[in-house]
Amino acid sequence: SVSHSQITRLYSRFTSLDKRENGTLSREDFQRIPELAINPLGDRIINAFFPEGEDQVNFRGFMRTLAHFRPIEDNEKSKDQNGPEPLNSRSNKLHFAFQLYDLDKDEKISRDELLQVLRMMVGVNISDEQLGSIADRTIQEADQDGDNAISFAEFVKVLEKVDVEQKMSIRFLH
């Protein structure tokens, strides 16, 4: 769980972002966060804060989405095995990352979706041809059922060896 002092810090971060002082944040408010402004997937991460069709997020929603990025503390690993999984568990972090790719929300990352993300990540200095072959190779390595797309299970398998904990802990608090 998030400590009281963390909540207080997050709340002051939230209110400093809330330029209209109405208790909610808009997409524009998020675009002022430097870490997101320089992140090639910033817009997608920002979208993750907004439920379908909403263009405002309140403090609770802000906290809930941020929870995915909280590093897992060692003392949390031994927590109640039967309790609900924390939002920042490995599989929830992976699912959150998966959704940044899976734009049409069909639970598969298609070659086209992969290409869009790759293009955002590398910018314009790589030819479409090179990007295409990276996308093809990635799908080839990940795709186990031969549907030319990456399912969540396949995504998890590819990332088995990646330290998601470190890579997906954006520290908004500092």
Side-chain angles (χ1 to χ4, degrees), residues 1-77 85-105 109 112-126 131 134-135 138 142 150 152 155-156 158-174:
S1 61
V2 189
S3 72
H4 185 71
S5 68
Q6 283 177 315
I7 291 179
T8 315
R9 285 209 304 274
L10 278 175
Y11 190 69
S12 70
R13 187 80 199 254
F14 181 87
T15 48
S16 72
L17 291 168
D18 177 13
K19 297 296 182 219
R20 289 172 326 247
E21 299 183 358
N22 63 356
T24 64
L25 300 181
S26 67
R27 284 184 166 76
E28 288 68 50
D29 293 329
F30 278 96
Q31 282 154 357
R32 293 194 190 90
I33 301 176
E35 299 96 314
L36 289 177
I38 60 168
N39 187 319
L41 294 180
D43 280 347
R44 300 215 180 165
I45 293 171
I46 291 170
N47 276 335
F49 281 89
F50 295 89
E52 204 64 52
E54 303 280 308
D55 50 12
Q56 302 291 319
V57 61
N58 62 15
F59 184 60
R60 264 187 82 163
F62 178 73
M63 290 268 302
R64 191 177 313 121
T65 303
L66 277 186
H68 288 96
F69 294 105
R70 226 160 40 83
I72 293 184
E73 315 298 336
D74 283 329
N75 61 8
E76 291 183 81
K77 294 200 166 81
E85 210 178 357
L87 279 168
N88 65 332
S89 70
R90 181 177 171 89
S91 70
N92 277 325
K93 282 188 177 180
L94 285 169
H95 205 258
F96 187 85
F98 183 78
Q99 289 168 327
L100 295 178
Y101 289 85
D102 179 21
L103 283 186
D104 62 7
K105 298 184 168 53
I109 301 169
D112 198 45
E113 288 170 326
L114 190 56
L115 268 176
Q116 287 186 47
V117 174
L118 285 170
R119 183 162 291 114
M120 288 186 217
M121 304 281 269
V122 299
V124 289
N125 20 4
I126 289 195
L131 277 182
I134 295 171
T138 306
I150 303 171
F152 181 58
F155 184 76
V156 169
V158 168
L159 290 178
E160 238 164 19
K161 301 176 184 55
V162 176
D163 188 355
V164 180
E165 306 305 281
Q166 294 313 310
K167 299 225 177 3
M168 271 201 62
S169 300
I170 299 180
R171 297 180 183 272
F172 280 90
L173 291 172
H174 302 315

Can you name the nearest heavy-atom pair linking [X] to [Y], along with the distance?
X: Asn39; Y: Ile45; result: ND2-CD1, 3.6 Å
X: His68; Y: Lys93; result: O-CE, 3.0 Å
X: Arg13; Y: Pro34; result: NH2-CD, 4.3 Å
X: Gln31; Y: Ala37; result: O-CB, 3.9 Å
X: Phe59; Y: Ile7; result: CZ-O, 4.0 Å
X: Arg90; Y: Leu159; result: NH2-O, 2.7 Å

Gap separating the [atom1] atom of [X] from the [atom2] atom of [Y], nearest 0.5 angstrom:
X: Ser26; Y: Phe50; atom1: OG; atom2: CZ; result: 6.0 Å
X: Phe14; Y: Thr24; atom1: CZ; atom2: OG1; result: 6.5 Å
X: Asp18; Y: Ser12; atom1: CG; atom2: OG; result: 12.5 Å
X: Ile33; Y: Leu25; atom1: CD1; atom2: CG; result: 7.5 Å
X: Asp104; Y: Ile109; atom1: CG; atom2: CD1; result: 10.5 Å
X: Phe155; Y: Gln99; atom1: CZ; atom2: CD; result: 10.0 Å

- Task: Anything under 30° is parallel, anything over 60° is perpendicular, the rest tilted; go ahead and classify Phe62 against Phe30.
- Result: tilted
- Task: For side-chain contact (heavy atoms from CB on, under 4.5 Å), just list the numbers for Ser5 and Arg9, CA-CA rounded to whole Å, side-chain angles, deciding distance to a tenth of an Å, and then say yes or no.
- Result: CA-CA 6 Å; Ser5 68; Arg9 285 209 304 274; 4.2 Å; yes
Within a strict 4.5 Å, meaning less than it, do heavy atoms of the [X] and [Y] side chains meet?
X: Phe96; Y: Asn92; value: no
X: Leu66; Y: Leu10; value: yes
X: Phe98; Y: Val156; value: no
X: Glu52; Y: Lys105; value: yes
X: Lys19; Y: Glu28; value: no
X: Asp29; Y: Arg20; value: yes

- Message: For Asn47, is there any backbone N or O sitting under 3.5 Å from a side-chain donor or acceptor partner on Asp43?
- Response: no
- Note on the structure: Contacts of Val117 meeting side chain to side chain contact (heavy atoms under 4.5 Å, CB included) (sequence neighbours excluded), chain-then-number -> Leu41, Arg44, Tyr101, Met121
- Message: My understanding is that only residues two or more places apart in sequence, or in another chain, count here; which of them pass side chain to side chain contact (heavy atoms under 4.5 Å, CB included) with Asp55?
- Response: Arg27
